[in-house]
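Taking it in order: structure first as structure tokens, then the write-up.
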Amino acid sequence: MAGFERLVVVDKEDISVVRFVDRKIIDASEIEQLGAELLSLVDIQQRKRLLLNFEGVEFLSSAALNKLITLHTRVKRAGGTVRICNLHPQIREVFAITRLDRMFEIASSESAGLAMF
Amino acid sequence: MAEHDSGGWTLERTIPSETAIGSELVSGLLAAMQEYAWPAAELFHVQLAYEEAIVNAIRHGNEFAADKTVQVRLSCTADEVRIEIADMGPGFDPDSLPDPRAEDRLEVPGGRGVMLIHELMSEVTYHPPGNRVTMIKRRPPSP
């Protein structure tokens with residue numbers, strides 16, 4: 001995958017900081033594309049330390065959560081780590097309701113997220 | 001059609017089995033909630049519960065069939081938001097779904113929509129055979 005449409009990836013030393021293009025992650029075809037782009041970070045680009053920075057993301061559905069769970073499983077299998085930062089308070093609440101805050105370590109800022117690796 | 005009178009805002013639509021069309025419908029409800037000065041967190045809850053329910057109706061209920069439709073009824077007053085969604089599928093028993101928060105299911109993708117709806121809304125009723133859901137959100141008391 002030469003370029004991403006749903007993601008912006010910036011390398012900070014050996015950690016890939018991944019930001020999201022969409023403010024609201026709802027559309028089914030965009031979520032499918034998002035999932036494929038996330039998996040390509042691991043499967044094709046061999047990245048193993050990912051910090052997902054949700055700054056600017058105001059809404060996401062459970063279909064998007066499913067993509068994060070699949071990514072987590074794939075990265076873990078590859079011996080890597082996924083962390084999350086900058087969750088909108090309401091999305092943070094969704095992570096708590098679904099108990100995904102037990103699967104992902106969540107930081108309040110990008111710098112705090114980078115420090116968790 | 002959308003109506004706005006002293007009894008509140010209402011909208012009733014029959015839509016094809018397309019998630020993009022289904023998702024768009026909620027914008028009118030969110031605008032009505034803003035007009036009635038509902039808290040932002042409640043708008044998020046209602047939008048997420050609606051999104052999960054409409055996608056379930058189209059994906060699992062109608063299985064995206066072009067000859068099947070979804071009926072949507074939305075209403076909003078200062079005190080209550082009501083969402084009713086009916087698909088043309090065989091229905092399902094919501095009590096039969098495994099809890100996606102269970103330790104052995106936490107890493108399984110899928111199955112979180114119905115649980116989220118129950119957590120986010122004040123009252124949720126699946127009408128037998130389970131292809132029609134009524135979701136109610138009541139305005140929380142002022143702090």
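Worth saying up front: this structure is predicted, and the values here are computed from it rather than measured. Chain A is the first sequence line, chain B the second, and so forth, proteins listed ahead of strands; every chain is numbered from 1.
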| Going by distance alone, is a donor N or O of one side chain under 3.5 Å from an acceptor N or O of the other, for B:Glu51 and A:Ser61? | no

| request: May I ask you to decide whether A:Arg102 forms a salt bridge with B:Glu107, counting only side-chain N to carboxylate O separations under 4.0 Å? | output: no

| Which atom names give the shortest non-hydrogen contact between A:Leu60 and B:Leu48, and what distance separates them? | O-CD1, 3.6 Å

| message | Testing the basics here: between B:Phe44 and A:Glu58, what is the closest heavy-atom pair and its distance to 0.1 Å? | response | CE1-O, 3.3 Å

| query | Which atom names give the shortest non-hydrogen contact between B:Ser23 and A:Ile26, and what distance separates them? | reply | OG-CG2, 3.8 Å

| message | Does B:Lys68 have more than 12 heavy atoms from other residues, nucleotides or ligands lying within 6.0 Å of its NZ? | response | yes

| When rounded to the nearest 0.5 angstrom, what distance separates CD in A:Gln90 from CG in B:Leu120? | 10.0 Å

| Are A:Phe95 and A:Leu34 in one and the same hydrophobic cluster, where Ile, Leu, Val, Met, Phe, Trp and Tyr link if side-chain heavy atoms are under 4.5 Å apart? | yes

| message | In this structure, would B:Val26 and B:Ile15 fall into the same cluster of hydrophobic residues linked by side-chain contacts under 4.5 Å? | response | yes

| remark: side-chain contact (heavy atoms from CB on, under 4.5 Å) test vs B:Pro109 passes for just one of A:Leu71, A:Leu65, A:Ile69, namely A:Ile69

| note | In terms of heavy-atom pairs under 4.5 Å with chain B, the winner among A:Thr73, A:Val94, A:Asp27 is A:Val94

| task | Please test A:Ile97 against B:Met115 for side-chain contact (heavy atoms from CB on, under 4.5 Å), starting from the C-alpha separation and ending with a verdict. | result | CA-CA 9 Å; A:Ile97 292 171; B:Met115 181 268 288; 3.8 Å; yes

| Region of B:Glu103 in contact with chain A, defined by heavy-atom distances below 4.5 Å | side chain

| message | Checking side-chain polar atoms at under 3.5 Å, does B:His45 have a donor or acceptor matched by the opposite partner on A:Glu93? | response | yes

| message | Quick check: is A:Val21 connected to A:Leu7 through a chain of hydrophobic side chains (ILVMFWY, heavy atoms under 4.5 Å apart)? | response | no

| field | A:Arg6 atom CZ, neighbour heavy-atom count above 12 within 6.0 Å | value | yes

| Do you know which of B:Pro100, B:Ala40, B:Gly111, B:Gly110 has the most heavy-atom pairs with chain A at a distance under 4.5 angstrom? | B:Gly110

| request: Spell out, yes or no, whether A:Val9 and A:Ile15 are grouped together once hydrophobic residues are joined by side-chain heavy atoms under 4.5 Å, including indirect joins. | output: no

| query | Among A:Met103, A:His88, A:Lys67, which has the most heavy-atom pairs under 4.5 Å with chain B? | reply | A:Met103

| said: If hydrophobic clusters are built by linking Ile, Leu, Val, Met, Phe, Trp and Tyr wherever their side-chain heavy atoms come under 4.5 Å apart, do B:Phe64 and B:Ile21 end up in the same one? | reply: yes

| request: Examine whether an atom of A:Ile91 lies under 4.5 Å from a heavy atom of chain B, and if so say whether it belongs to the side chain, the backbone or both; otherwise answer neither. | output: both

